[in-house]
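Have a look at the structure below before the remarks.
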Amino acid sequence: QVQLVESGGGLVQAGGSLRLSCAVSGDSICLSTMGWYRQAPGKERELIGVIINGGPYYAESLKGRFTITRDNAKNTAYLQMNSLKPEDTAVYYCKAEDVQIMCVPPGRDYWGQGTQVTVSS
């Protein structure tokens, strides 16, 4: 059973920072790509960025304020968000793509439960 548990969301004032975590658990799992997404009220879920072995890649519109990192030893990905704006208010989700058991394909994708980030003006 693969589970993704997100944490770190909350209420922050504009200009502040938050760091989200996404811990992946499961027996004998092999992780490759992990991604962060967000969904604001009334809007579609949008990609923030992904991180693979070669490094992070970001949606063009969000470059500069958001940083994605990962700790492979802990099977955890992080999203550091700086200079937050009220329009960053959304539910933030992490996604683990192509998770394989014992590194044997095929893998499948898993989503976290989401964590609310609210930025006040």
Side-chain angles (χ1 to χ4, degrees):
Q1 182 79 3
V2 178
Q3 286 189 318
L4 276 65
V5 178
E6 299 164 12
S7 60
L11 174 65
V12 63
Q13 287 189 331
S17 299
L18 280 176
R19 187 193 193 209
L20 307 184
S21 300
C22 174
V24 186
S25 63
D27 293 333
S28 304
I29 56 173
C30 284
L31 297 179
S32 55
T33 302
M34 294 189 70
W36 284 98
Y37 296 74
R38 68 183 185 182
Q39 188 166 17
K43 295 188 176 181
E44 292 187 353
R45 192 170 298 188
E46 66 170 337
L47 172 69
I48 297 170
V50 298
I51 185 164
I52 57 178
N53 289 332
Y57 300 89
Y58 302 97
E60 195 65 32
S61 61
L62 295 173
K63 276 185 178 179
R65 295 189 297 121
F66 292 6
T67 303
I68 298 174
T69 57
R70 68 191 287 173
D71 184 335
N72 290 327
K74 296 181 179 180
N75 284 343
T76 300
Y78 303 94
L79 176 64
Q80 177 68 43
M81 303 184 292
N82 299 325
S83 302
L84 284 163
K85 306 174 182 179
E87 51 264 41
D88 293 319
T89 295
V91 178
Y92 284 70
Y93 297 90
C94 68
K95 178 183 180 184
E97 299 180 7
D98 191 33
V99 180
Q100 299 178 0
I101 305 301
M102 298 182 69
C103 300
V104 175
R108 57 164 288 188
D109 298 345
Y110 294 86
W111 288 91
Q113 81 282 3
T115 185
Q116 177 70 44
V117 171
T118 302
V119 185
S120 63
S121 57

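In what follows, every heavy atom counts, from backbone to side chain, and hydrogens, waters and symmetry copies are set aside. Since the model is a prediction, treat every value here as computed from it, not as a measurement.
In terms of hydrophobic clustering, with Ile, Leu, Val, Met, Phe, Trp and Tyr side chains grouped at heavy-atom distances under 4.5 Å, Val91 and Met34 are assigned to different clusters. By the criterion of side-chain heavy atoms lying less than 4.5 angstrom apart, applied directly or through intervening Ile, Leu, Val, Met, Phe, Trp or Tyr residues, Val117 is not grouped with Tyr93; the two fall into different hydrophobic clusters.
A side chain to side chain contact (heavy atoms under 4.5 Å, CB included) with Trp36 holds for exactly one of Val50, Leu79, Leu47, Ile51; it is Leu79.
In this structure the side chain of Ile29 reaches within 4.5 angstrom of the side chain of Ile101, judged on heavy atoms. Between Thr69 and Gln80 there is no side-chain heavy-atom pair separated by less than 4.5 Å.
Among all heavy-atom pairs drawn from Ala96 and Leu4, the shortest one is N-CD2, 3.7 Å. Closest of all the heavy-atom pairs between Ala90 and Arg38 is CB-CB, 4.0 Å. Considering all non-hydrogen atoms of both residues, Tyr92 and Glu6 come closest at O-OE1, 2.8 Å. Residues Ser120 and Leu11 come closest through the heavy atom pair CB-CD1, 4.3 Å. In terms of heavy-atom proximity, Ser121 sits nearest to Pro86 at CB-CG, 3.9 Å. In terms of heavy-atom proximity, Thr89 sits nearest to Pro41 at O-CD, 4.3 Å.
No donor-acceptor pair under 3.5 Å is formed between the side chain of Thr33 and the backbone N or O of Ile52. Under the 3.5 Å distance criterion, the side-chain polar atoms of Ser32 are matched with a main-chain donor or acceptor of Glu97.
Taken to the nearest 0.5 Å, the CD1 atom of Ile68 stands 11.0 Å off from the CE atom of Met81. Taking OG1 from Thr67 and OH from Tyr78, the interatomic distance works out to 14.5 Å, rounded to the nearest 0.5 Å. Rounded to the nearest 0.5 angstrom, Asp88 CG and Arg65 CZ are separated by 4.0 Å. Taken from CG in Asn75 to CG in Leu31, the straight-line distance is 4.5 Å, to the nearest 0.5 Å. In this structure, Tyr37 OH and Glu46 CD are separated by 11.0 Å, a value rounded to the nearest 0.5 Å. With rounding to the nearest 0.5 angstrom, the NZ atom of Lys74 is 15.0 Å from the OG atom of Ser25.
The number of heavy-atom neighbours closer than 6.0 Å to CD of Glu87, taken from other residues, nucleotides and ligands shown, is above 12.
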